[in-house]
Protein chains: 2
Amino acid sequence: MDIDKVFKALADPSRGYLLDLLHRESGQTLTALCMHMDMTRQAVTQHLQQLEEANLIAVVWQGREKLHYLNPVPLHEIHARWIGKFERDRLDVLRNLKNKLEGKDDDKT
Amino acid sequence: MDIDKVFKALADPSRGYLLDLLHRESGQTLTALCMHMDMTRQAVTQHLQQLEEANLIAVVWQGREKLHYLNPVPLHEIHARWIGKFERDRLDVLRNLKNKLEGKDDDKT
DNA sequence: TTGACATGCAAGTAAATGATTGCATATAAT
DNA sequence: ATTATATGCAATCATTTACTTGCATGTCAA
């Protein structure tokens with residue numbers, strides 16, 4: 001999975017809002033989502049395509065309607081690859097910073 | 001905290017790499033970081049500024065040297081605001097999708 | 001089968017972004 | 001003091017990005 005694509009997809013407020021909309025109600029059609037967005041349908045389509053490419057949403061066609069579903073898996077990946085990794089060292093980093101600021105050595109206190 | 005700023009900061013691979021560098025070794029100077037980056041010092045500076053504005057790194061001046069430290073707190077925020085939120089519904093969403101795909105009602109099986 | 005509805009495709013535009021170059025400033029070393 | 005080092009500031013440029021507009025296609029309903 002391309003984690004950068006996921007971050008890029010999440011970087012735009014409109015796309016974040018689309019995810020929020022889908023979180024509130026799963027399986028919404030394109031036009032349903034458009035009603036909450038202050039832009040043209042095509043703009044929304046393009047945002048949704050990016051979200052889809054980042055694997056953040058899944059699309060199901062039902063006749064002429066396009067239903068959108070949230071996929072929480074990539075966010076789980078972010079947690080695994082970034083947040084967990086950095087948080088594990090959280091206290092260490094902060095202590096390290098504190099010591100440096102105080103001009104001390106790392107003395108594990 | 002502006003969560004969009006954090007995502008935007010994380011969206012660029014160069015900035016992600018800078019965070020990785022700081023994760024490996026905390027407190028590196030600007031020029032130390034530059035040595036690993038295939039771009040001018042000024043470009044790196046600008047990336048670091050964005051990371052700083054997103055509160056993902058903290059900067060400490062030591063004489064003429066600028067030391068950079070990782071701040072894991074915003075990533076923690078992401079976890080709290082996004083990942084936890086979506087993951088909580090993970091199984092529900094997937095079941096919902098599965099049922100829709102099979103043309104069933106939600107029957108809680 | 002005709003009209004309305006749901007969506008796609010593609011070209012064009014304005015603004016944001018990543019990166020560069022050139023010059024300025026402050027700290028350290030000799 | 002003078003020189004080298006570490007960094008900042010600002011203008012510029014190319015690319016990407018978010019959006020728009022216009023037209024095309026496919027599906028449902030009367």
Side-chain angles (χ1 to χ4, degrees), chain A residues 2-22 25-70 100-101 103, chain B residues 2-22 25-70 100-101 103:
Chain A
D2 189 350
I3 203 98
D4 286 322
K5 242 182 204 169
V6 178
F7 279 125
K8 252 188 174 172
L10 291 169
D12 187 274
S14 301
R15 286 191 288 272
Y17 187 58
L18 282 170
L19 291 182
D20 282 335
L21 287 175
L22 288 177
E25 188 186 339
S26 211
Q28 294 189 63
T29 66
L30 173 58
T31 35
L33 292 169
C34 283
M35 293 196 308
H36 299 92
M37 307 295 288
D38 192 22
M39 59 183 73
T40 62
R41 172 177 55 84
Q42 283 80 356
V44 176
T45 297
Q46 285 165 17
H47 282 305
L48 289 170
Q49 271 166 351
Q50 281 188 250
L51 289 171
E52 200 184 343
E53 276 164 32
N55 216 25
L56 281 161
I57 59 175
V59 164
V60 179
W61 278 92
Q62 201 158 83
R64 64 180 164 180
E65 288 183 328
K66 192 190 181 190
L67 308 180
H68 299 81
Y69 294 88
L70 208 77
K100 292 253 181 178
L101 284 172
Chain B
D2 189 350
I3 201 98
D4 287 320
K5 242 180 205 169
V6 178
F7 278 124
K8 250 186 175 173
L10 292 169
D12 187 275
S14 300
R15 287 191 288 271
Y17 187 60
L18 281 169
L19 291 183
D20 282 336
L21 287 177
L22 288 177
E25 187 185 341
S26 213
Q28 295 188 64
T29 66
L30 174 57
T31 34
L33 292 169
C34 282
M35 292 196 309
H36 300 92
M37 308 294 290
D38 191 22
M39 61 184 75
T40 63
R41 173 178 54 84
Q42 284 79 356
V44 176
T45 297
Q46 285 165 16
H47 281 305
L48 289 170
Q49 272 166 352
Q50 282 188 251
L51 290 170
E52 201 184 342
E53 276 163 32
N55 217 23
L56 280 161
I57 60 175
V59 164
V60 178
W61 278 92
Q62 201 158 85
R64 65 181 166 182
E65 289 185 327
K66 192 188 181 192
L67 307 180
H68 300 80
Y69 295 89
L70 207 78
K100 291 254 182 177
L101 284 172

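The sequence lines fix the lettering, A, B, ..., with proteins before strands; numbering per chain opens at 1.
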Taking [atom1] from [X] and [atom2] from [N], how many angstroms apart are they, rounded to a whole number?
X	N	atom1	atom2	answer
A/Leu10	D/dA18	CG	P	12 Å
B/Gln28	D/dT7	CD	P	11 Å
B/Phe7	D/dT17	CZ	P	18 Å
A/Leu48	D/dT17	CG	C1'	16 Å
A/Leu30	C/dC5	CG	C1'	12 Å
B/Asp12	D/dT15	CG	C1'	13 Å
A/Met35	C/dT7	CE	C1'	16 Å
A/Lys66	D/dT25	NZ	C1'	15 Å

Distance-minimising heavy-atom pair for [X] and [Y]:
X	Y	result
B/Asp4	A/Leu10	OD1-O, 4.5 Å
B/Ser26	B/Leu70	OG-N, 4.2 Å
B/Ser14	B/Met39	OG-CE, 3.5 Å

To the side chain of [X], which of [options] is closest?
X	options	value
A/His47	D/dT7, D/dA18, C/dT7	D/dA18
B/Trp61	C/dT7, D/dA6, D/dG8	D/dG8
B/Ser14	C/dA19, D/dG8, C/dA6	C/dA19
B/Glu65	D/dA6, C/dT17, D/dG8	D/dA6

Any side-chain N or O of A/Thr31 less than 4.0 Å from the OP1 or OP2 oxygen of C/dT7? yes
Below 4.0 Å: OP1/OP2 of D/dG8 and any side-chain N or O of B/Thr45: yes
Taking B/Arg41 for the side chain and B/Leu30 for the main chain, is one N or O donor matched with an acceptor at less than 3.5 Å? no
Under the 3.5 angstrom rule, does the side chain of B/Arg15 hit a backbone N or O of B/His47 as a donor-acceptor pair? no
Got a sec, which residues hit side-chain contact (heavy atoms from CB on, under 4.5 Å) with A/Glu52, two or more places apart in sequence or on another chain?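 Here the qualifying residues are A/Ile57, A/Val59.
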Is there a side-chain contact between B/Leu67 and B/Gln28, using heavy atoms and a 4.5 Å cut-off?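 In short, these two side chains do not touch, never coming nearer than 4.5 Å.
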Treating primed atoms plus P, OP1 and OP2 as sugar-phosphate and everything else as base, which nucleotides of nucleotides 20-30 of chain C get B, S or - for protein heavy atoms under 4.0 Å? BBB----BS--
List the steps and the verdict of side-chain contact (heavy atoms from CB on, under 4.5 Å) for A/Thr40 and A/Thr45. CA-CA 9 Å; A/Thr40 62; A/Thr45 297; over 6 Å; no
If you assign each of B/Ala32 and A/Lys8 to its closest nucleotide in DNA chain D, which residue comes earlier from the 5' end?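 Its nucleotide being nearer the 5' end, the pick is B/Ala32.
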Please list, by residue number, the residues of residues 49-56 of chain B whose heavy atoms come closer than 4.0 Å to an atom of DNA chain D; answer none if no residue qualifies.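 Nucleic-acid contacts, sorted: none.
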Exactly one of A/Leu48, A/Leu21, A/Leu18 should register a side-chain contact (heavy atoms from CB on, under 4.5 Å) with A/His68. Which one does? A/Leu48
